[in-house]
Structures are given as C-alpha cells and as structure tokens.
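The structure appears below as structure tokens.
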Amino acid sequence: MKKIQFSKSGMKIIIMLVMILLFLIPISLIKDLIHDRRSYQSEAVDSIILPLGGRSEILGIVVALPYKVHSTFVDSKGVSRTETSTDYILFAPDVYDLSVSVLPRFLSRGIFKVPVFQGEIAMNAKFSSFDCSHYKIDERDLMMDEAVLMLGVSNPKTLCAQPSISADGGKLSVSSIKYDSISPFSTTVYFSLPLARMEDGLNLTGTVKFQGGESIKIQPVAADNEIRMESSWATPSFSGGWLPSERSVKSDGFSAVWNIAGLSTAFPKSWRAEEKIRGESVEVSLITPVDTYKKTTRSIKYALLFLLVPFISIFICEIFSKVQIHPVQYCLVGLADVMFYLLLLSISEHLPFNTSYALSALCVCTTTFLYSAAIFHRFKWGALLSAVQMISYVFLYGTLQAEDYALLIGSIGLFMVVALLMFITRKIDWYDIRSGGVDALLEEK
C-alpha cells in the first residue's frame, strides 16, 4: 500500500486535541450562563406568584375541642392546691369531600411567562362524633361550647376571599381569637362552633376561593377522602403522596379524582394538640410543555462530541484534498460550534425551542459551509463538512426528544461515528504522513 504524505500531521493532531480541551472553557462559561438565566427566571417567577400566595396548598380542616386539666400540687407552705388549665383534643373529619375547579392564566415578567390561577373549592366534611372517652377525660370537663373549627392554608395570601362555611345550614362566624399554639397548620382560619350543632356530630359545607401559581396541593385529613379537580390547563403534572385513581387529560383541559383512605394518611381520628402531625398532599403542577433551559443544558452535555467530530472531519478532508489548514482555521470552526449553544440559549428565550434549535443549527451549518468552501477552495468540501454538522445536529435533536432513550441513542450514535472514521481512514499509513498527495490511495480504489 502506498503512503499518503502530509507534513507535521502528528503535531497538528496534538494541537487539535489541545484546542478541543481549551474550548471546554467557553462551554463551561455557557453552562454557568444557563444557570444564571434559570436563577433569573426563578426570581421572575417568585416576583409574580409570591404576591398571590405562592404555590397554593389547602392543608385541611379539623375541630379543636377544649377540656379542663386539673393539676394538684403542694405549695411551699405544705398546702395542697389544685390548678385548672385548658388543653385541646383535635378531631379530623370522618368524610372529607372536595370539588376543586381551577381557572389558569399567564402573567409575564420581562420575557418570562408564569402560569397562575384562581380556583374555588366546594367542600363537604362530616364529623360523626366527638368521643373523648379513651383519653380518660371526665365529661364534665369538656368545654363543648368553646369548640373551634380550624381551616388550614399554606399562606394567608392564598385566600381570595373569606371562606364561607356552614354547619347544618347555619353559617359559621370567623372567631376573633387565634389559637395558633394548638393549630396543626402553618396558617389557620378559625370559626366558632355553636354547641347546639355539635351534640350529634357535625356536617359542614362551604366554599373556599383561592389563588396561587405553578402548583396546587391539597392535604387529605379524614378517614375517607375524595378530591375531584378539573381545569382548562392541558399539561398537568400529578405528583405528591398519591396519584389520581381516575384522570382524563385532553387538549381542552383535565379532570382527576383521588380516593384516599385515612389509613394511608398521617392523621388519626383524634389526637392531643401538643402532638404535631405532618401529612402528605396530592399535588398538581401546571407545567409548560418545554423547559428550554433544561433542554439546552442537556444539549450542552454533548459539546465535546460536537467539537471532536468537526475537527476530525476537517483533518480528514485536509488529507484527501491536499490543502493544509492552519490551526487558526480549525479554531474558528470550533468557535462556530460553541456559538451554537449560545445562540440556542438566547433565541429559545423568545421563540419555541424547536424553532430556536433549527435556526441555531442553520446559522452554524451555513457559516461552516461558506467558510470551509473558502479555505478548501472547493464547494464540495464545504458541503461535506456542513452535511456532517447537520447530521450531528439532527442526531442531537432526536436525542433531546427521546429523553428516556437518550443514553441508548447517544451510545449508538457515538459507535457509528467511530466505525465510520475507521472505515474512511482504513488505508492511511499514519507512520509516514508527509507532504504530498493522495493519488496513490485513489489509484488503489
């Protein structure tokens, strides 16, 4: 086999590898820039949703029943005395039925759009009894006339209006006294409970109007919980402690139903107020279909490959075209590849990701075509290098779309690149590459 001649190719390969490693520095800077833009986006989101109460959470409803505690002690004079204090037993409902409707919309801050919503909950709750016998509390010590109903939310700004709750047809009034020391919720609305409505249990109905942004959480607290939710939002994400037992997601909105048994929650039928209980919630997030920063971050993970492939392609074209390419020219092509990620990041903040990706890839491939055709003095070499880049970007786009199969697609693609390079360079004698041509190799073909 005759040998291809090319001067100082070994040194050029080393220079290429050094340049590729140096290009990882601007790639790292672009990664930091993506992180900064995501932080800026988070700040914009918070500036919109925090005045609306943030990510809305309805924490549940319980009844606090006070009772007298008698403590006997001997004072300093040896006289036995009795002090009376007040403690509370908290009761969760037996049935907790919520029907939730959510009306979403977008608010903007600069270039960022944030999904926010207003909603309404139609609530039904049933307390069958308030039995304290297993706490060994004397019935005479129960203070039924001072019982309090507690409605918990994550933030007072979550409420659009004062909740309207009725007990057996009679509307309850909001208590002027706060019982934050005994409430199991971070923010609580307190209602006074008339004694006449508690003797045979308690049936509650009510309406809660709320607002928030990005996500809705509802905490089940009863022995039997049913939560129904519907909205015109077409891309919900269901998460939290329980997934819906029924769901329907369509282009015009979604509906979902959760049926949750009390045994799977953290709340017992009743407990003492000093026992702090933290439960789980069902959660629905109003997500946008494409997270441009996430996809840009995923695409930049392939940056090393997208620098290596064009450099190798230029080097092979250099061997076969007999045109010597200066390292500065390699550097400019590599810089164009780095610019792809910066273009993708900046354009995708204003246009859909797919459009941004196509525009960025088109800009880089067109620039590579024109520049390569100029330095090789032939349009076919420019077209070849541009085609290699275009195929690479198409391959990367497919990898980004198939997130679950990204590793498989990436591995297969990398193997195909290596196999293709082995096939193209199979007749090159790398021990003796000096200045010359490739005529001998072409004659063997």
Solution key, residues 21-40 side-chain donor-acceptor pairs under 3.5 Å, sequence neighbours excluded:
unit_1, atom_1, unit_2, atom_2, d
Arg37, NE, Glu349, OE2, 2.7
Arg37, NH2, Glu349, OE1, 2.8
Arg37, NH2, Glu349, OE2, 3.1
Arg38, NH2, Asp291, OD2, 3.1
Ser39, OG, His35, O, 3.1

State which residues pass side-chain contact (heavy atoms from CB on, under 4.5 Å) with Ile177; sequence neighbours excluded, sorted by chain then number.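 So Ile177 forms a side-chain contact (heavy atoms from CB on, under 4.5 Å) with Ser175, Tyr179.
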Backbone N/O of [Y] and side chain of [X]: donor-acceptor pair under 3.5 Å:
{"X": "Ser386", "Y": "Thr368", "answer": "no"}
{"X": "Thr367", "Y": "Cys363", "answer": "yes"}
{"X": "Thr188", "Y": "Tyr190", "answer": "no"}
{"X": "Ser56", "Y": "Gly212", "answer": "no"}
{"X": "Ser299", "Y": "Thr296", "answer": "yes"}

Quick one: closest heavy-atom pair of [X] and [Y], and the distance?
{"X": "Val208", "Y": "Pro163", "value": "CG2-CB, 4.2 Å"}
{"X": "Ser346", "Y": "Leu343", "value": "OG-O, 3.1 Å"}
{"X": "Ser348", "Y": "Ser356", "value": "CA-OG, 3.1 Å"}
{"X": "Ile89", "Y": "Ser270", "value": "CG2-CB, 4.1 Å"}
{"X": "Leu50", "Y": "Lys157", "value": "O-CD, 3.7 Å"}
{"X": "Lys276", "Y": "Ser183", "value": "NZ-O, 3.8 Å"}

Any side-chain heavy-atom pair from [X] and [Y] closer than 4.5 angstrom?
{"X": "Val114", "Y": "Phe106", "value": "no"}
{"X": "Gln389", "Y": "Phe369", "value": "no"}
{"X": "Ser231", "Y": "Leu103", "value": "no"}
{"X": "Ser281", "Y": "Ile218", "value": "no"}
{"X": "Phe267", "Y": "Tyr96", "value": "no"}
{"X": "Phe117", "Y": "Phe210", "value": "yes"}
{"X": "Gln118", "Y": "Arg105", "value": "yes"}
{"X": "Cys132", "Y": "Leu142", "value": "yes"}

Tyr371 and Trp381: aromatic ring centres closer than 6.0 Å? no
Gap between atom [atom2] of [Y] and atom [atom1] of [X] - 0.5 Å precision:
{"X": "Ile227", "Y": "Ile121", "atom1": "CD1", "atom2": "CD1", "result": "9.0 Å"}
{"X": "Thr158", "Y": "Ile58", "atom1": "OG1", "atom2": "CD1", "result": "6.5 Å"}
{"X": "Tyr67", "Y": "Asp141", "atom1": "OH", "atom2": "CG", "result": "9.5 Å"}
{"X": "Met144", "Y": "Leu193", "atom1": "CE", "atom2": "CG", "result": "9.5 Å"}
{"X": "Leu344", "Y": "Leu359", "atom1": "CG", "atom2": "CG", "result": "10.0 Å"}

Salt bridge (charged side-chain N to carboxylate O under 4.0 Å, His left out): which pairs involve residues 250-272, sequence neighbours left out?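 Sorted pair list: Asp94-Lys269.
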All side chain to side chain donor-acceptor pair (under 3.5 Å) counterparts of [X], not counting sequence neighbours:
{"X": "Asp46", "result": "none"}
{"X": "Ser264", "result": "Trp242"}
{"X": "Gln219", "result": "none"}

Should the pair Phe130 and Phe127 be assigned to parallel (<30°), tilted (30 to 60°) or perpendicular (>60°) ring geometry?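 Answer is parallel, since the angle falls under 30°.
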Could you tell me how the ring of Tyr393 sits relative to the ring of Tyr357: parallel (under 30°), tilted (30 to 60°) or perpendicular (over 60°)? perpendicular
Output yes when Arg228 and Asp97 qualify as a salt bridge under the 4.0 Å nitrogen-oxygen rule, no when they do not.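 Yes, Arg228 and Asp97 are salt-bridged.
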Hey, are [Y] and [X] close enough side-chain-wise for a donor-acceptor pair under 3.5 Å?
{"X": "Ser101", "Y": "Glu230", "value": "no"}
{"X": "Thr207", "Y": "Glu120", "value": "no"}
{"X": "Asn259", "Y": "Ser245", "value": "yes"}

Can Phe254 and Phe238 be said to form a ring-ring contact (aromatic ring centres under 6.0 Å, His included), step by step? CA-CA 11 Å; Phe254 75 90; Phe238 301 104; 5.7 Å; yes
